[in-house]
Amino acid sequence: DQQVKQNSPSLSVQEGRISILNCDYTNSMFDYFLWYKKYPAEGPTFLISISSIKDKNEDGRFTVFLNKSAKHLSLHIVPSQPGDSAVYFCAASAYGGSQGNLIFGKGTKLSVKP
Amino acid sequence: DTAVSQTPKYLVTQMGNDKSIKCEQNLGHDTMYWYKQDSKKFLKIMFSYNNKELIINETVPNRFSPKSPDKAHLNLHINSLELGDSAVYFCASSGDRAAGNTIYFGEGSWLTVV
């Protein structure tokens, strides 16, 4: 039973364009969401997060949007750069993330072509 | 200076052996975790310790035993290894359990059981 779903296993984007990675969740108790980036043979690296009291959070080229009614969030990267090529994991947590039990999606592999 | 470090990074061992993976964090965090990424790429929590005390123990065989000698260390001992234990194991840590804490991951330990 996947509570966090990333339905696109891969995404290919041209350098300079926008990358949009999507994530859906089923558990209405989730109230804290994070995106992690992972390079091969390395651990996931925290990218950006959003609390359910917000619908948007921005950090430089990265913006996360949350649509609670649709139980959907997305990560926008603009402009995309070749160094952004990695696997992106969406993660969700209940209780504001205080218990640390993150539920991860399966990841989306982003390839940014020069 | 790695924030969350785990050793070994690669481990190949035979079925039935007992092995340990060590983890240390120098972030001053109170909470440490072990996550497992299986062959299907799902990243799932196994254990969580807060100030040396076990707070999350997901459905994991009792052949897996975490040990936390102090709050900066959380080691994972695995007894009687089985083929299905082959996976990538990630250690992680996070700060105080206020809402919105971020989990920081180590680089992972690739365990192969043959």
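Remember, it's a predicted structure, so these values are computed and weren't measured experimentally. Proteins come first, then strands; the chains are lettered A, B, ... in the order of their sequence lines, and each starts at number 1.
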Residues 11-21 of chain A vs chain B, non-hydrogen distance cutoff under 4.5 Å, contacting residues -> none
Show the nearest heavy-atom pair for residues A:E42 and B:W110, with the distance to one decimal. N-CH2, 4.1 Å
Check this for me: B:K9, atom NZ, are more than 12 non-hydrogen atoms of other residues, nucleotides or ligands nearer than 6.0 Å? yes
Under a single-linkage definition using a 4.5 Å side-chain heavy-atom cutoff for Ile, Leu, Val, Met, Phe, Trp and Tyr, are B:L43 and A:L34 assigned to the same hydrophobic cluster? yes
When you compare the side chain of A:Y39 with that of B:E107, does any pair of heavy atoms fall below 4.5 Å? no
Just checking B:K71: does its NZ atom have more than 12 heavy atoms from other residues, nucleotides or ligands closer to it than 6.0 angstrom? yes
Audit row: A:T45, B:Y104, side-chain contact (heavy atoms from CB on, under 4.5 Å) steps and yes/no: CA-CA 7 Å; A:T45 303; B:Y104 296 88; over 6 Å; no
Around atom NZ of A:K68, are there more than 12 heavy atoms from other residues, nucleotides or ligands closer than 6.0 Å? yes
Structural part of A:A41 lying under 4.5 Å from a heavy atom of chain B: both
Under 4.5 Å between side-chain heavy atoms, counting indirect links through other Ile/Leu/Val/Met/Phe/Trp/Tyr residues: same cluster for A:Y25 and A:Y88 or not? yes
Ring centres of B:F105 and A:F46 under 6.0 Å apart? no
Under 4.5 Å between side-chain heavy atoms, hopping through other hydrophobics if needed: is there a path connecting B:F47 to B:V4? no
The single option from B:F90, B:Y35, B:F42 that satisfies ring-ring contact (aromatic ring centres under 6.0 Å, His included) with A:F104 is B:Y35
Counting C-beta onward and ignoring hydrogens, is there a side-chain heavy-atom pair between A:L102 and B:I103 closer than 4.5 Å? yes
Report, as yes or no, whether the 6.0 Å neighbourhood of atom CD on B:E53 holds more than 12 heavy atoms from other residues, nucleotides or ligands. no
Which answer fits B:Q6, side chain, backbone, both or neither, if we ask what part of it has an atom under 4.5 Å from a heavy atom of chain A? neither
Using a heavy-atom distance cut-off of less than 4.5 Å, which residues of residues 105-114 of chain A contact chain B? A:K106
Among the clusters formed by ILVMFWY side chains lying less than 4.5 Å apart, do B:I45 and B:I78 turn up in the same one? no
Between B:V88 and B:L83, is there shared hydrophobic-cluster membership here, with clusters defined by ILVMFWY side-chain heavy atoms closer than 4.5 Å? no
